[in-house]
Amino acid sequence: MNAQILMDTASALVADDKGLLAMDESNSTCNQRFAKLGIPQTEKARRAWRELIVTTPGLGESISGAILYDETIRQQDKNGTPFVKVIIDAGIIPGIKVDTGAKDMAGHPGEKITEGLDGLRDRLAEYSQMGARFAKWRAVIAVGGGIPSRGCIEANAQALARYAALCQEAGLVPIVEPEVLMAGKHTLARCCEVTEECLRTVFNQLCTQRVLLDGMILKPNMVLPGLTCPRQEAVIDVANATVKCLLRAVPAAVPGIAFLSGGQSAELASARLNAMNVRFKSRLPWALAFSFARAIQQPALEIWRGEEANVPAAQHALLHRARCNRAARRGEYTAAMERRSS
Ligand code: 13P
């Protein structure tokens with residue numbers, strides 16, 4: 001393991017107020033999003049969408065790294081240039097999702113365990129050869145009556161740590177993503193409690209598995225009330241609860257925390273990240289950044305709808321979200337930015 005390379009890559013992923021663009025939806029998740037908009041669920045359409053994203057002019061000014069899916073890392077643009085090269089030429093670091101999905105967990109109704117450790121060493125070596133410099137693994141933790149269980153939290157934390165150790169061995173920075181889901185009617189206080197327990201367990205396992213904390217990025221959920229909770233706190237309350245929770249559980253050696261968006265609207269995700277940076281940026285040991293999929297892609301996808309003629313307008317919308325989130329890292333995002341773009 002070359003610690004310096006890992007630390008340099010991890011720092012580069014959160015440098016210059018930039019953040020990550022997650023474009024690593026599995027084929028089935030990508031197809032579900034396409035189906036809602038009447039876009040054909042074909043490899044051709046998925047390739048065209050990913051080409052639109054990676055050829056957006058100026059994307060590298062706000063995006064440090066792009067997370068790809070196995071199908072995408074093997075694809076090319078319409079001129080035959082591999083997407084990995086297009087991304088690198090845009091000044092963006094290529095990364096790859098390496099888990100094989102969250103499956104029903106035996107003996108734990110309503111809970112999931114993420115799979116993908118078998119053969120991972122060989123897959124990481126191949127992705128590294130293809131140009132990937134970091135990887136991602138997502139664990140999902142549902143909140144509800146009697147869940148999450150200790151069994152689910154511990155099994156997912158151990159898998160995350162084993163994945164992270166294998167990544168570092170291969171010279172790839174692991175993005176460690178324990179996602180506490182928004183689905184449900186739980187309160188913000190309950191999300192805070194569950195997120196803190198998950199993060200503590202994940203970091204215990206990362207230490208047990210000898211993962212270099214300086215050479216990883218944490219990708220957590222923000223601390224939010226459940227989607228159907230009657231009480232929905234203000235932006236500043238979410239910002240305060242999220243940072244308080246992270247301070248309790250995330251060691252200072254971690255260089256960056258890049259939030260997932262998790263189904264929040266694009267504008268709320270930017271506003272909440274902004275509020276955290278306005279209030280706390282100068283006092284935190286780690287950078288607070290973003291690693292959004294839906295909160296960057298969704299407005300652009302709704303404009304594109306699979307039509308070639310809509311590509312420039314969709315790229316404009318994608319770039320706008322990337323810029324809003326970079327502004328949010330600086331604590332300079334305002335609602336007026338949204339009005340000016342349209
Ligand atoms: P969302 O931002 O849409 O939650 O996706 C982030 C991600 O990469 C999920 O693994």
Side-chain angles (χ1 to χ4, degrees), residues 13-14 19-34 36-37 49-50 53 62-73 92-103 112-116 132 134-143 156 159-160 163-164 167 173-184 191 195 198 202 216-224 226-227 238 242 256-273 288-302 317-318 321-322 324-326 328-329:
L13 288 172
V14 291
L20 297 155
L21 167 59
M23 49 181 289
D24 61 329
E25 297 84 3
S26 65
N27 290 347
S28 73
T29 302
C30 188
N31 287 346
Q32 282 166 32
R33 296 198 181 142
F34 280 10
K36 284 196 186 131
L37 297 168
W49 172 240
R50 267 67 184 252
I53 295 175
S62 305
I63 299 298
S64 57
I67 316 174
L68 306 178
Y69 180 62
D70 183 75
E71 177 180 86
T72 321
I73 200 170
I92 298 172
I93 304 172
I96 180 76
K97 167 193 172 80
V98 299
D99 66 72
T100 55
K103 310 284 161 56
K112 303 267 186 200
I113 177 72
T114 300
E115 295 185 349
F134 69 99
K136 185 194 99 170
W137 179 293
R138 171 174 176 255
V140 294
I141 306 292
V143 184
N156 276 293
L160 275 167
Y163 137 83
C167 284
V173 165
I175 308 270
V176 173
E177 181 179 7
E179 174 176 4
V180 176
L181 296 174
M182 282 171 75
C191 178
T195 303
C198 288
V202 165
M216 63 161 277
I217 300 288
L218 177 71
K219 176 164 173 167
N221 51 285
M222 294 184 192
V223 173
L224 302 168
L227 277 173
V238 166
T242 302
I257 295 177
F259 293 103
L260 60 94
S261 58
Q264 305 173 66
S265 74
E267 296 181 13
L268 259 183
S270 300
R272 287 164 169 165
L273 177 62
L288 286 185
F290 56 92
S291 177
F292 299 155
R294 281 163 287 181
I296 294 181
Q297 292 185 46
Q298 195 59 29
L301 188 62
E302 287 171 16
L318 190 85
R321 289 263 50 91
C324 284
N325 290 312
R326 187 174 187 214
R329 280 213 53 193

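Reckoned from all heavy atoms, side chains included, excluding hydrogens, waters and symmetry mates. When a ligand or atom number is given, it counts from 1 through the structure's own listing order.
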Who pairs with Leu37 by side-chain contact (heavy atoms from CB on, under 4.5 Å), at least two apart in sequence or on another chain? Ile39, Gln298, Leu301, Glu302, Arg305
Quick one: list whatever passes side-chain contact (heavy atoms from CB on, under 4.5 Å) with Ser64, sequence neighbours left out. Leu13, Lys18, Leu20
Determine whether a donor-acceptor pair (N or O, by modelled atom type, separation under 3.5 Å) exists between the side chain of Thr242 and the backbone of Val223. yes
List by chain and number: which residues place a heavy atom under 4.0 Å from ligand 1? Ala22, Asp24, Lys136, Arg138, Glu177, Lys219, Leu260, Ser261, Gly262, Ser291, Phe292, Ala293, Arg294
Please name all residues satisfying side-chain contact (heavy atoms from CB on, under 4.5 Å) with Ala300, sequence neighbours left out, ordered by chain then number. Trp49, Ala314, Ala317, Leu318
Side-chain heavy-atom pair Gln297, Leu21 within 4.5 angstrom cut-off: yes
Sidechain-backbone polar pair: Tyr163 side chain, Ala135 backbone, donor-acceptor under 3.5 Å: yes
